[in-house]
Amino acid sequence: MNSFAAIDKNFVANTYNRFPLELVRGENSTLFDINGKEYIDMGSGIGVTAFGFNDEVWKNAVTEQLSLLQHTSNLYFTEPCAKLASVLCEKTGMKKVFFGNSGAEANECAIKTARKYAADKKGSDYYTIITLENSFHGRTVTTLAATGQAHYHELFNPLTDGFVHTPANDLDKLIKTANSHKTAAIMIECIQGEGGVNVLDEAFVKGVYDFAKENDILLIVDEVQTGNGRTGKMYAYIHYGIKPDIVTTAKGLGGGLPIGAVLFGEKTENVLGFGEHGSTFGGNPVCCAGALSIVERLDEKLFADIVTKSKYIFDELSSASGVISVCGKGLMIGIKPVKNASDVLKICMENGVLCLTAKDKLRLLPALNIPMESLIKAVGVIKDACKL
Ligand SMILES: *Cc1c(COP(=O)(O)O)cnc(C)c1O
């Protein structure tokens, strides 16, 4: 195969500073580049390829649906869409699902829902949504406004009005902020992914939940990265014993095909009516068939396996040379090295292991079914790369 990096650089917009890796094929948790060099994948395309590459179950679900019907629009019913929605509700206790194509779109839908809910119940001036500093909610003009990181905003003002950011884990400040605005909703990630794999405190999350409930403010949990088994539960909010009004998800849900979902609870299931939201591709039968084959495998046995693998990573790396700390839950892990995280990432890549970074940390989001032997090898390489 001929190199294609130069063509990409010429013709694909400059928004990505790609690594000099030309990938052609994957098998399980191993990727192969154009020269046949192998890499263990500890990033899963940013938490997307939930069951790795060339996974039989997913591949069969997708190809079977492909030969039946690849798209119909939302003018008609299709089975994968209906089934996926019902399984998501069954597994969470949520009541209804809206399908889109990405995390940002899922959050857009959640924001529209919160605005309509609050406008109906309290008045159209109740549109403020509180989000956390260091959060990440997407790249559209509205989800950028929701994102609590100023450097993403700078070039694109004015952003959508009505978002206020408060520090994570400071309940008093959040309550004060919510009370000093006409607040419609609070939106959080239980573990801030792009923000550095910061696991929110249990007391904070529970406090936010109680406050929101008492004041009829909607609680939106962004599970785009943390969702679909990633943390060793179906969704990360389940670790906290709370019940969100809206859950948004995407990334790992589709196993590699684009899909986003918004899960509505009792208060929100009927907020959006005919014509008030939509998506041409949303609920696409091929994407939904693939997602269904993933969601159906997210069970207690898999979660126990995720917890075991997570513990292995924590045990190996927590006290390793050159590692300051390890954080995260399940197979969403942040490693703070003494060295610069992007230098560690480069050393890992040279030694056949692909990792991610998040702020000053190395970030790991391996496939949920990564074979133990691949994991052991990868952790060994990471350990060596961190070593001073
Ligand atoms: C990735 C991510 C998004 C954005 O998802 P896209 O599919 O890229 O639009 C939103 N929220 C969180 C928490 C994410 O990790």
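Please read all numbers here as calculations on a predicted model, not as lab measurements. Atoms within a ligand are numbered from 1 in the order they appear, just like the ligands themselves.
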- Task: Please assess Phe32 against Tyr39 for the test ring-ring contact (aromatic ring centres under 6.0 Å, His included), listing each intermediate value before the final yes or no.
- Result: CA-CA 6 Å; Phe32 299 86; Tyr39 297 88; 9.1 Å; no
- Going by atom types alone, do Glu64 and Asn60 pair a side-chain donor with an acceptor below 3.5 Å? no
- Query: Any chance the side chains of Asn28 and Thr30 put a donor and an acceptor closer than 3.5 Å?
  - Reply: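 No pair is found: no donor N or O on one side chain lies under 3.5 Å from an acceptor on the other.
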- Spacing of NZ belonging to Lys267 relative to CG belonging to Leu218, to within rounding of 0.5 Å: 6.0 Å
Between the protein and ligand 1, which nitrogen or oxygen pairs come in under 3.5 Å, and how far apart is each?
| residue | atom | partner | partner atom | Å |
| --- | --- | --- | --- | --- |
| ligand 1 | 7 (O) | Gly103 | N | 2.8 |
| ligand 1 | 9 (O) | Gly103 | N | 3.4 |
| ligand 1 | 9 (O) | Ala104 | N | 2.8 |
| ligand 1 | 11 (N) | Phe136 | O | 3.2 |
| ligand 1 | 11 (N) | Asp222 | OD1 | 3.4 |
| ligand 1 | 11 (N) | Asp222 | OD2 | 2.8 |
| ligand 1 | 15 (O) | Gln225 | NE2 | 2.8 |
| ligand 1 | 15 (O) | Lys251 | NZ | 2.7 |

- Item | Donor-acceptor contact present, side-chain Lys361 to main-chain Lys336, <3.5 Å | no
- Can you check whether Asn169 reaches Leu132 side chain to side chain, under 4.5 Å on heavy atoms? no
